[in-house]
Amino acid sequence: MKLEDFRQKQAEKAASQEELRRALESEFQIIGRRLRRTDGLAKATGRAVYTDDISLPGMLHGKILRSPHPHARIVSIDVSAALELEGVHAIITGSDMPVPYGIIPWTRDEYPLCVDKVRHVGDGVAAVAAVDEESAERAIGLIDVEYEVLPYHLDPEAALEDPDTPIHEPRRPGENGNVSKHVHLEFGEVDRLLAESDVIVEGEYYFEGTTHTPIEPHCAIAHFDPGGKLTVWSATQVPHYLHRELARVLDIDVAKVRVVQPPVGGAFGGKSEPFDLEFCVAKLAMITGRPVKILYTREEVFYAHRGRHPMLMRYKTGASKDGRIEAVDARTILDGGGYSSFGLVTTYYSGQLITAPYQMQSYRFDSTRVYTNKPCCGPKRGHGSVQPRFAIEVQLDKIAESLQMDPIELRRRNLLGTDTRTVNEFRVISNGFPQCLEAVERASSWRDKYRKLPYGRGVGVAGSCYISGTNYPIYPNEMPQSAVQLQVDRSGRVAVFCGASEIGQGSDSMLAYIVSEELGVPIDYVRIQSADTDLTPVDLGAYSSRVTFMCGNACIDAARKIKRQVRDAVAEAWGCRPQHVALAGGWAFDRSDTERKLPISEAFNLAEAKFGALGSMGSYNTPKDIHGDYRGGTIGSSPAYSFTAHVAEVSVDPETGFVEVGKIWIAHDCGRALNPILVEGQMEGSAYMGFAEAIMEAHVFKDSGLHNAPSLLDYKIPTSLDTPELESLIIESLDPEGPYGAKEAGEGPLHPSIPAIANAIYDAVGVRMDRLPFTPPRVWAALRERGRLEAAGQLTPWKERSAISQLTAVGD
Amino acid sequence: MLRLHPYEYHRPRELEAALELLKEHAGDVMPIAGGTDLVPNMKHRLFAPGHLVALKGLPELHGIVERQGEIVLGAAESLSSLADHHLVRSHLPSLARAAGAIAHPMIRNQATLGGNICLDTRCTYYNQTFFWREALGFCLKKDGDVCHVVRGGTRCVAAHSADTPPILMALGAKVDTASPEGVRSVELDEFFIADGIWNTQRKPDEIVTRLRVPLPSPGLRTSYQKLRERRSVDFPLLSLALAVGLDGDDRVESIALVVAALGAKPRRIGGLETLAKGERLHDELIEEIARQAYRQSNPLDNIIVDIEWRRAMVPVFVRRAIREALARP
Amino acid sequence: MRCWERPLIEIIRLSVNGDSHEIGVPSHYTLLETLRYVLGLTGSKQGCDKGDCGACTVLLDGLPTLSCILPVQEAIGRQVTTIEGLADPDGPHALQDALDLTGGAQCGFCTPGILMSAAALLNVNSSPTRQEIREALSGNLCRCTGYTKIYEAVELAARALREQRPPAEVLRS
Ligand SMILES: Cc1cc2nc3c(=O)[nH]c(=O)nc-3n(C[C@H](O)[C@H](O)[C@H](O)COP(=O)(O)OP(=O)(O)OC[C@H]3O[C@@H](n4cnc5c(N)ncnc54)[C@H](O)[C@@H]3O)c2cc1C
Ligand code: SF4
Ligand code: FES
Ligand code: FES
C-alpha cells in the first residue's frame, strides 16, 4: 500500500469538521468520557491470557508441602523417598533458600520455605517439581518431616501476655517476640479536652479478619535460560518488588531477572508482595533447567492470605454539646498472624489514616500489632484504615444519638475543609467531602427516612477519606515513583511502556486515554505494554491507590514532551505559532482554521523528520515535605486524599436476625473521573466488598489453628442475589496535583459501607453491632438482649423511636 | 488444581448393565449421577473408587409421569427439570421449590434427584481437603477413629444436608431401588438411618431408580423452608418441610413436619397428629406445634453456624411454614 | 493407595464450539482439565475447582454446566460451547460487546463463566427482568464489580438482540 493510501484511510476514520469544531470548545476529547477499556473485549471473549493460561515447552509442575502444625520446629526433612518417585525432577527445602525476605526492608522475617520453624498451618516447608501436578502431589506426600510441636497462640491478647512462647525471636534481648510493631502517637491535649467534653462515648469494636478472595488463585511460572537469565511470570500486583526480592533471595544479578505480569484475575492487595510460589518456581527452574509452574489451590490462597487484620479497637471520643469533636483516644490491637508482611505500615495506618474528613481538636492512638500462629495478615483494599473507620464512624453515630443530632449534621459540623492540615499534620488540598455528604443525603431521601422508617427498616450514614498513593516508597530512594515511556511509530501508533500493574482496575486503559487525549490519536492506535521489567520503566505497583495519580502524571509528562515536538514541527510547516496547533480526533489542526489539518501520522512524521526518532520518557515523584516531622509522620501522608460518603438502607428481620441491605448510595470524590465507567466500577466493587465484610465474611480459625473453612463454599462471599443495589454518585473536586485533577477511586469507597450498615441496623432495630460481621445469629442475639431490657422497662421500645427522638434541625 | 485419582468411567446404556458393573467391581466401585457431590468429595479424597458407573445414561432412571395415583420421578432427572416440570409444579409445588433452592443454577442442571436423596452427609470436619483432615486428625467417618463434633462419641453425626428429602418424606414418598439382588421399594422415612457415615439403608451396589409420591389430596397444604447464609449456592443450615391435610372445614386431617440439617437423618416431628387432628390451625395450636418442633430439634456443631440460633429458628420456620401453607392452595 | 496408580488414557470424541476433536485424555480428567490442558482452550477459568464459584461454566447442549466437576466422558456426544465459541467470525456476541461497553469486566476472571450463564438465559428469555438476571447469575461469583455493570450489560445485550442493532447504538439511543 502506498503511503498516501493509508493516510486516506486514516483520514476517513478521523474526526469530521463538525467534530473538530466541537473539540475546540471542550476542554477534553477523551478524558471524562464513558469509554471502553482497552482490555475489555479480550476479557469478554476469553482471549486474555492469565498466568495459568500460559504453558511453556517442557514445563514441569510444582507443589508445595505445607505444615500441618500452627507452630513447630522443623527437626529434619527426609526427601529421599519422594526423589525416587518416577517423574520427580527436583525437591527443595528451606535450606536451599535461607535468605529472609519481606516487603518492608526493616522487617524481613519470612523465608521462601520455612528454615527452622513453621508459624501457621499452611506454612511452606518443601517444594517439588515433577512432570505433572499429580506426580508432584504424590511426591510431597512422600516427604517425611519431623516436627517438634510448640505451644501456639491464636489470640493476640494471649500472645501479647505470653512472651515465653515467642513466635519470632525478639529483635532485641528482653523485648517481647510476639510484638510485631507498636506505635503510640499523640496530637494535641487529649486528656484535657476529654475532661472538658460535654459528651464522651466509649466503645469497644472488633473487626473480624477477612480475606481478598480474588477469583484467580495465585500462579507463577519460571524459566531459566542457559545464559543465566531468570524469567518469572506471576499473578502479582508488585512486579518491581518481586523483581528485587527474587534477585536478592536467589542471589542473582538483578539485571538478569525478568518479571512479567500477565493480566491478573483480581488481587485487592492479596498479591502485593512476593509469595513462596514465586521463589519456588524460580529455584526449581534453576535446578532443573526446565520451566516450572505452580498454581495454588483455593485452599492455599487462604493460607497465603495477607488479608485484613482482625482488630480490637477501644475508642473514647469526646465532643462538645454543639457536636464538635474535641478528642479521640484509640487503643488498638492488631492480630498480625505469623509474619510481618506490610504490618509495620498497617500499624501506623490503623491510627494515622482516620484524621480526615473530620476536624479533630486532639487525637491519640496506641496500636500494637501482635504475631499469632495464623496465616499472615497484610493489606486488603483500604489497607489498615477500614477497621478504625468502622469504629470511629459508629462512635460518631453514638455521639449524634446522645446529642439528639442528625448524624449528617454532626459530620457537617466537623468538616475539615480544603487547603489545610489534619491534626496529625497531613496536607490536604482538594476535599469534596461536603459535596459527598450532600449527594448521599439527597439521593437517599435521608431526611424522610432517618428515624422515620417503620420498625425493622433503617438508614445509616458514614464518611471516610483515603490516600492516593504514599509520598514515600517502600524502600527509601530518591527516584521517581512511576515512569512511562512512549514510542511513536510512523503509522501513528503509539506504544506505551509502563511498569504499572493492570489488575482489573483499568490502569492500562487509563494510560491509553491519557495518550489519546494528549496526542490526538484514536485510542486503538495506542498499545499498552505494562508490567514487564525487561521492557517497562519502573512503577512501584498497584497498591495504596497510587496508580492513576502517579502513573497518570508520569504519562502526561511523557506525552506532553512528544506533543511539544509535534506542535513545533507542524507549526514550522504551516508557518504558525505552535500554540495554534491542536492535536485531536486523529488530526493535527489549526485552532483558528479547522480546515487546515494533517492526519496525525503525518504530523508525527514531520516531528520525526525534525527531531529524530519520536519517543519520550516521563516520570512522577511525590512531594516530600507535606507531613509533620515526628517519627512516623511520613507514613500515611499522600499527595492527595479521596473522600467518600455512604448511606445504606437496610431491613432487619427481627425474627431471624437477617439483615438485608437494600441499597447503598455511594458518593465519592475522585478528583476527576478520567472515565466515569471505571470510577463507578471501583465504587460499586468497593461498596460490594465492604457490604460483604459487614454481613458475612469471616476469616476465622478452629482451636487447632486450622482455617475454619478454606473454600469458596464456606468462606462466604456474596452472590448476585445477596448484593444490594448500588448507586454511584461521582464527585469531582479537581486536585491541583492529580492528573487532570484525578485522585483515587479503588479503595476509598469501601470504607463507609461497613459503619453505614452498622448505623442503619441501629436505626432499624435499635441494636448496636460493634462486632463484625453482622451475621444473623449475632443480630438475633443482640435483638434478644434488647428485647429483654425493653421487657424489663430498662429501655424504651425501639418501635416507638420516632416519637422519642427530637432531632436538631438539619442543615439550616 | 485439585486433581482426581485415576479411575475407569463406565457409561452403561441400561440398568441391567449398570448393575452388572456394580457387581463385577464390588468393593471398588460407586455409582455417579450428576457428580456434583461425588466429584468434589473425590477431589477431597473422601472416596477413591477405581470404577465409576454413570447413571445418567440409563433410560430406566428418567421420566416424570403421573401413574396410578402417584407422581413418579426418575432418579436421574436433573434438579432443574424437576423444579420446572409442570406436574411437579402443579401437584408438588413445595418439592419444586425445594429443588429450585438447591445450590445454584449450574449445579441444578447437572445434579440429579437420586444423587440428592443419596447425598453424602456433611460436616465441617469432613468436607475438607485431605491436607486439612490429616492436619486435624482424621475422624470416624473417614480414615480415623474419633469424632470432633461429639467428643468421645462413637457414632458419626454428620448432617443430612439434602433439600428434597424432607419434603418428599412429608409427602409420603417411596424409594424404588434396584440391585443385583433384585428390586425393592421402601418408605423414604425408613430409607434414612441415623448413621452419619452412611445414612441410608442403600447397599453399595443398589441403585435408586425412582421416587414415587402419592398424588396429594385436594386439601393438602405444603411448605418448604430453608435457612441458609446466602440466597444461592449454600446448603441448608436448617430445613423444614410441612404437609398438612385440611378437611372442608379447615380442620387438620393429617400433619407431617420434617426438620433436617440437624443430624444424620431428617427428623419427623412426633406427636403432632394427636395435638392437631380435628383442630383448626389457630395461633395457639401453631405455637404448640412450634414448641414441639423446637423440643425435638437439636442442631449440632457439625455445621459451623451457631447452634442456639439454628435451634431458635425452628419455631420461626414452623410458623412461617404454616402461614405459607395456609395462604397457598 | 490405589488412587495413585497409573491413569487410563481414553480416546474420546468431543464436540467443542462446533469442532469435533478426537483426543486422548486421562480417564479421570474433568471437562475443564480437558479444555484447558488438552485442547488449549484456556478461556474457561478455574477459581475453586469444586463447584463453588462458576468461573468454569460452559454450555452443555445449551445448559450452563460446571466443567470443573464434570467428568469429561459426560460431554461425549453433546455440544460443548465455551467462551471461545460465543463470538462468531463477524465479531463479538452482543453480550461480549455489551459487557465491554458497560465496563462489566474488571479483572475479567469471572467473565467467561458469567457470559456463558447469561447467554443461556438470553437463549430462553429474550427480555429478562433484573431479578431474572440475578437468579441466572447466582452461581457465578464476581469479586470485582458488585455485579451492577454486569446486569447492565445483560440488559443491554438483550435489547440489542431484540432490536437487532449493535449494543453501542442501543446505548446511544
Ligand atoms: C456448591 C454446591 C452447593 C450445593 N448446595 C446444595 C444444596 O443447597 N442442597 C442440596 O441438597 N445439595 C447441594 N449440593 C449437593 C449436590 O449438588 C446435590 O445434593 C445433588 O442433588 C447431588 O446429586 P448428583 O446427581 O450430583 O449426585 P452425585 O454426586 O452423582 O452422587 C451423590 C452420591 O449419591 C450416589 N448416587 C447418585 N445417584 C444415585 C442413584 N440413583 N442411586 C444410588 N446412588 C446414587 C453417588 O454414588 C454418590 O455417593 C451442593 C453442591 C455443591 C458443589
Ligand atoms: S460428625 Fe464426627 S465423625 Fe462424623 S464427620 Fe463430623 S467429625 Fe467426623
Ligand atoms: S472452578 Fe468450577 S465452580 Fe469454581
Ligand atoms: S471481574 Fe473480576 S471477578 Fe468478576
Side-chain angles (χ1 to χ4, degrees), chain A residues 34 36-37 39-50 52-55 134 138 141 212-217 263-268 295 297-298 503-506 675 677-678 680-689 691 711-714 717-721 723-728, chain C residues 4 7 26 36-37 40-55 82-84 86-87 92-93 95-113 115 131 133-151 153 171:
Chain A
R34 303 182 74 85
R36 295 175 189 257
R37 301 167 62 106
D39 54 359
L41 273 176
K43 286 173 173 172
T45 53
R47 282 182 291 111
V49 177
Y50 298 81
D52 186 43
D53 300 342
I54 298 171
S55 180
E134 285 98 329
R138 188 179 169 195
H212 319 80
T213 337
I215 306 297
E216 177 199 36
V264 169
F268 315 110
L295 168 66
T297 60
R298 177 51 62 183
I503 55 172
Q505 85 283 41
N675 174 352
I677 295 184
L678 296 193
E680 289 160 9
Q682 291 305 306
M683 291 165 68
E684 289 155 12
S686 290
Y688 146 88
M689 200 173 260
F691 148 77
S711 81
L712 289 184
L713 177 60
D714 295 315
I717 67 175
T719 72
S720 51
L721 290 174
T723 304
E725 190 185 333
L726 304 166
E727 185 177 324
S728 302
Chain C
W4 293 117
R36 289 180 58 78
Y37 303 141
L41 290 171
T42 54
S44 305
K45 301 300 180 213
Q46 183 269 120
C48 70
D49 215 13
K50 64 180 202 66
D52 306 335
C53 77
T82 70
I83 188 69
E84 289 95 339
L86 199 57
H93 186 280
L95 271 167
Q96 295 170 316
D97 200 24
L99 195 82
D100 187 32
L101 282 162
T102 62
Q106 288 187 20
C107 81
F109 209 75
C110 67
T111 306
L115 290 184
Q131 186 59 20
I133 298 170
R134 294 172 82 196
E135 303 265 354
L137 300 182
S138 66
N140 296 92
L141 299 177
C142 174
R143 194 58 164 160
C144 295
T145 62
Y147 302 102
T148 310
K149 298 215 175 316
I150 297 173
Y151 306 149
L171 197 63

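First the proteins, then the strands, lettered A, B, ... as listed; each starts at 1.
The two atoms that bring C:C107 and A:G265 nearest to each other are SG-C, 3.3 Å, heavy atoms only. Across all their heavy atoms, A:K43 and A:A48 have their closest contact at CG-CB, 3.9 Å. For A:L721 against C:R134, the heavy-atom pair with the smallest separation is O-NH2, 3.3 Å.
With a 4.5 angstrom heavy-atom cutoff, C:L115 touches chain A only via side-chain atoms. For A:D52, the parts sitting under 4.5 Å from any heavy atom of chain C are the backbone and the side chain alike. Both the backbone and the side chain of C:S138 come within less than 4.5 Å of a heavy atom of chain A. C:K149 touches chain A through backbone and side chain together, each having a heavy atom under 4.5 Å away. Interface remark: C:T111 contributes side-chain atoms only to the contact with chain A (heavy atom separation under 4.5 Å). For C:D97, the parts sitting under 4.5 Å from any heavy atom of chain A are the backbone and the side chain alike. Only the backbone of A:I503 comes within less than 4.5 Å of a heavy atom of chain C; no side-chain atom from C-beta onward does. Both the backbone and the side chain of A:E680 come within contact range of chain C, judged by heavy atoms closer than 4.5 Å. For C:S44, no part sits under 4.5 Å from any heavy atom of chain A, backbone or side chain. Looking at C:F109, the atoms closer than 4.5 Å to chain A (heavy atoms on both sides) sit in the backbone and in the side chain alike. For A:S55, no part lies under 4.5 angstrom from a heavy atom of chain C. Residue A:F691 does not touch chain C at all, counting heavy-atom pairs closer than 4.5 Å.
In terms of heavy-atom pairs under 4.5 Å with chain A, the best-connected choice from C:L137, C:L141, C:N140, C:L99 is C:L141. Residue with the most contacts toward chain C among A:T213, A:L726, A:V49: A:T213 (heavy-atom pairs, distance under 4.5 Å). Taking chain C as the reference chain and counting heavy-atom pairs below 4.5 Å, the highest number among A:M683, A:M689, A:Q505, A:R47 is found for A:M689. Most heavy-atom pairs under 4.5 Å with chain A: of the set C:G43, C:G47, C:C110, this distinction falls to C:G47. With chain C as partner, the option from A:D53, A:T723, A:T297 having the largest number of non-hydrogen pairs under 4.5 angstrom is A:D53. Chain C forms the most heavy-atom pairs under 4.5 Å with one residue out of A:E216, A:R36, A:Q682, and that residue is A:R36. Note: A:G681 leads A:S728, A:G266, A:G681 in heavy-atom pairs under 4.5 Å with chain C.
A:E725 has its side chain out of reach of C:T148: every pair of non-hydrogen atoms, C-beta onward, lies at least 4.5 Å apart. Two residues are said to be in side-chain contact when any heavy atoms from C-beta on lie closer than 4.5 Å; C:Q106 and C:R143 fail this criterion. In this structure, the side chains of A:R298 and C:D49 stay at 4.5 Å or more apart for every pair of heavy atoms. Taking 4.5 Å as the limit, every side-chain heavy atom of A:D39 sits out of range of all side-chain heavy atoms of A:P263. The shortest distance between side-chain heavy atoms of A:L713 and C:K50 falls below 4.5 Å.
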